[in-house]
Q: 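Quick one: the structure is below, questions incoming.
Labels below follow one simple rule: chain letters A, B, ... track the order of the sequence lines, proteins then strands, and each chain is numbered from 1.
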Amino acid sequence: MQGEGGSTADRKRSAADFALWKKAKDGEPSWESPWGPGRPGWHIECSAMSEAILGNHFDIHGGGLDLVFPHHENEIAQSESLHGCPMASYWMHNGLMQASGASGKVGGRPRGEDDGDAASIEAQTAAKISKSTGAEPFQQLLARHEPEAIRMLLLSTHYRSPIHFGEEPLAESARALEAFRRLFARSERISGTSFYGLPCRSRREGDAEIAAAGDEAAALRTRFLAAMDDDFNTAVAIASLFDYVRVVNKYIDQHQLEAKKPEAELATLAALMLTLRELTGVLGLFLKPPKADGGADEAIVAGLMELVIEIRANARKAKDFATADLVRDRLGSLSIVLEDRADGTGWSRKA
RNA sequence: GGCUCCGUAGCCAAGUGGCUAAGGCAGCGGAUUGCAAAUCCGCCAUCGUCGGUUCGACUCCGACCGGAGCCUCCA
């Protein structure tokens, strides 16, 4: 075991000693004890909470890579000497998030902020209570980016790797999500069934019913599950999901499901989507439809769009492409994208 | 300074001692489209540098360069 050094090292009997109980500083919450008012040391808090809630031994203890020493080592020293058994079966340490262009952890306190005095306590509570220098608080990131994009970015690397947060990576993740959402919308137009309403079935149910989705889908599902079983290799799991989307799109293309709707092929499409629901559900992705951002005017906008599209359709029918393109271009500058598909014209807001 | 981890295409990011080095974003070509968009097909890397081990290394070892974390009774 490594010893905590620094200014306190000479006050310890052993370099590996650490504080179990700390004397209360002015203004801090405290409890009476044989040594005067004080509070539990940091490490004791976690040992006590995990014992109370999870018992003497539990499966997985997680935490950031920066907590391996001294915190987790000390937790183990305390809990295992008390309980006489391993504290946790697995310790999983995630890589830290770094803000692009800044050094430090996302969620940490801004660099240079003063430490330890009462004035900074509020600032600490507002962000993460941490001595580490940090970039912007996570909340600010959440305010600018949809949570799903952040989840996607997190999932795109191995959990043990450090990850850079920033506007560009987040925007890229958001773009990647759109490929999935376009497929959800496409499938819904064909089947009338919303992806978001599908049940997230269990792995066992999936095993039993995967055959209906075909060999390619089955192989990709196997790849996905094997990746997740291999220390949560979410990057590979997601890669197999992108391949899966391609398989479904190809299936729809090849069987022209948008034009005709044969029973058998529709059943296969349903099975394909059900498996996609199962797998994306494992990652916690696409659990809810994206928020419609139009507010109260959404119905009016939808009605207007229907009208504009109908007028444009008439222009196209009359081969008045100048008018049709004008409409599409002008809508484009309003961040509305028109798609002329075989089964009609659709519109969406640019991400 | 000590310990640990990392360095793969324009960007992000998996992975392996020898088999086509995943996937995403961007880009390019094609199919499709009135034109686009969407979708599909195809193209786009020799794996930080230098040595070593090996029949063979991007994958193992060493040095160096670059980045990150810890070594501060901050939780």
Q: Please determine whether ring-ring contact (aromatic ring centres under 6.0 Å, His included) holds for the pair A:Phe180 and A:Phe195, giving the CA-CA distance in whole Å, both sets of side-chain angles, and the decisive distance to 0.1 Å.
A: CA-CA 11 Å; A:Phe180 288 88; A:Phe195 178 81; 9.0 Å; no
Q: If you look at every heavy atom in A:Ser173 and A:Ala149, which pair is closest and at what distance?
A: CB-O, 3.5 Å
Q: B:A13 and B:G24: how far apart are their C1' atoms, nearest whole angstrom?
A: 8 Å
Q: Any salt bridge (Lys or Arg N to Asp or Glu O under 4.0 Å) pairs touching residues 225-246 of chain A, not counting sequence neighbours?
A: A:Arg160-A:Asp231, A:Arg203-A:Asp229, A:Arg223-A:Asp243, A:Asp243-A:Arg246
Q: Please identify each residue that fulfils side chain to side chain donor-acceptor pair (under 3.5 Å) with A:Asp340, with sequence neighbours left out.
A: A:Arg312, A:Arg316, A:Thr345
Q: Looking only at atom C1', what distance separates B:G23 and B:A68, rounded to whole Å?
A: 25 Å
Q: Across all strands, who's sitting opposite B:U46 as a Watson-Crick or G-U wobble pair, both distances under 3.5 Å?
A: none
Q: What integer number of Å spans the C1' atoms of B:C58 and B:U49?
A: 14 Å
Q: Return the pairing partner of B:A22 with a 3.5 Å limit on both distances, Watson-Crick or G-U wobble; otherwise return none.
A: none
Q: Let's test this: given Watson-Crick or G-U wobble pairing with both distances under 3.5 Å, identify the partner of B:G66.
A: B:C6
Q: Across the strands shown, which category fits A:Glu45 at heavy-atom distances under 4.0 angstrom: base, sugar-phosphate, nothing?
A: sugar-phosphate
Q: With sequence neighbours left out, which residue pairs that include part of residues 33-59 of chain A fulfil the salt bridge (Lys or Arg N to Asp or Glu O under 4.0 Å) condition?
A: A:Glu28-A:Arg39
Q: Taking the C1' atom in each of B:U59 and B:G18, what is the distance between them to the nearest angstrom?
A: 11 Å
Q: Expressed in whole Å, how much space separates the C1' atoms belonging to B:A57 and B:G48?
A: 16 Å
Q: Charged N to carboxylate O below 4.0 Å: is that the case for A:Arg181 and A:Glu178?
A: yes
Q: Measuring only the C1' atom in each nucleotide, how far is B:A14 from B:G7? A whole number of Å is fine.
A: 15 Å
Q: Please give the distance between the P atoms of B:C60 and B:C47 as a whole number of Å.
A: 14 Å
Q: Quick check for you: to the nearest 0.5 Å, what is the distance between A:Ile150 atom CD1 and A:Leu155 atom CG?
A: 12.5 Å
Q: If a protein heavy atom is under 4.0 Å from the base, mark B; if only from the sugar-phosphate, S; if neither, -; do that for nucleotides 34-41 of chain B going 5' to 3'.
A: BBBBSSSS
Q: Partner lookup for B:C35, please. Criteria are Watson-Crick or G-U wobble with both distances under 3.5 angstrom; report none if nothing qualifies.
A: none
Q: Please give me every residue in residues 264-284 of chain A whose heavy atoms get under 4.0 Å of an atom in RNA chain B, ordered by residue number.
A: none
Q: Mapping A:Arg39 and A:Tyr159 to their closest nucleotides on RNA chain B, which lands nearer the 5' end?
A: A:Tyr159
Q: Please name all residues satisfying salt bridge (charged side-chain N to carboxylate O under 4.0 Å, His left out) with A:Glu209, sequence neighbours left out, ordered by chain then number.
A: A:Arg201
Q: I want to verify a distance call: between B:A22, B:C12, B:G23, whose nearest atom is closest to the A:Glu172 side chain?
A: B:C12
Q: In the structure shown, which nucleotide is the Watson-Crick or G-U wobble counterpart of B:C60, with both distances under 3.5 Å?
A: B:G52
Q: For the rings on A:His61 and A:Tyr90, is their centre-to-centre separation under 6.0 Å?
A: no
Q: For B:G1, which nucleotide is its Watson-Crick or G-U wobble mate, given both distances must be under 3.5 Å?
A: B:C71
Q: Can you find a side chain N or O atom of A:Lys22 that sits less than 4.0 Å from OP1 or OP2 on B:A75?
A: yes
Q: Please answer: with hydrophobic residues joined when any side-chain heavy atoms are less than 4.5 Å apart, are A:Leu266 and A:Val247 in the same cluster?
A: yes
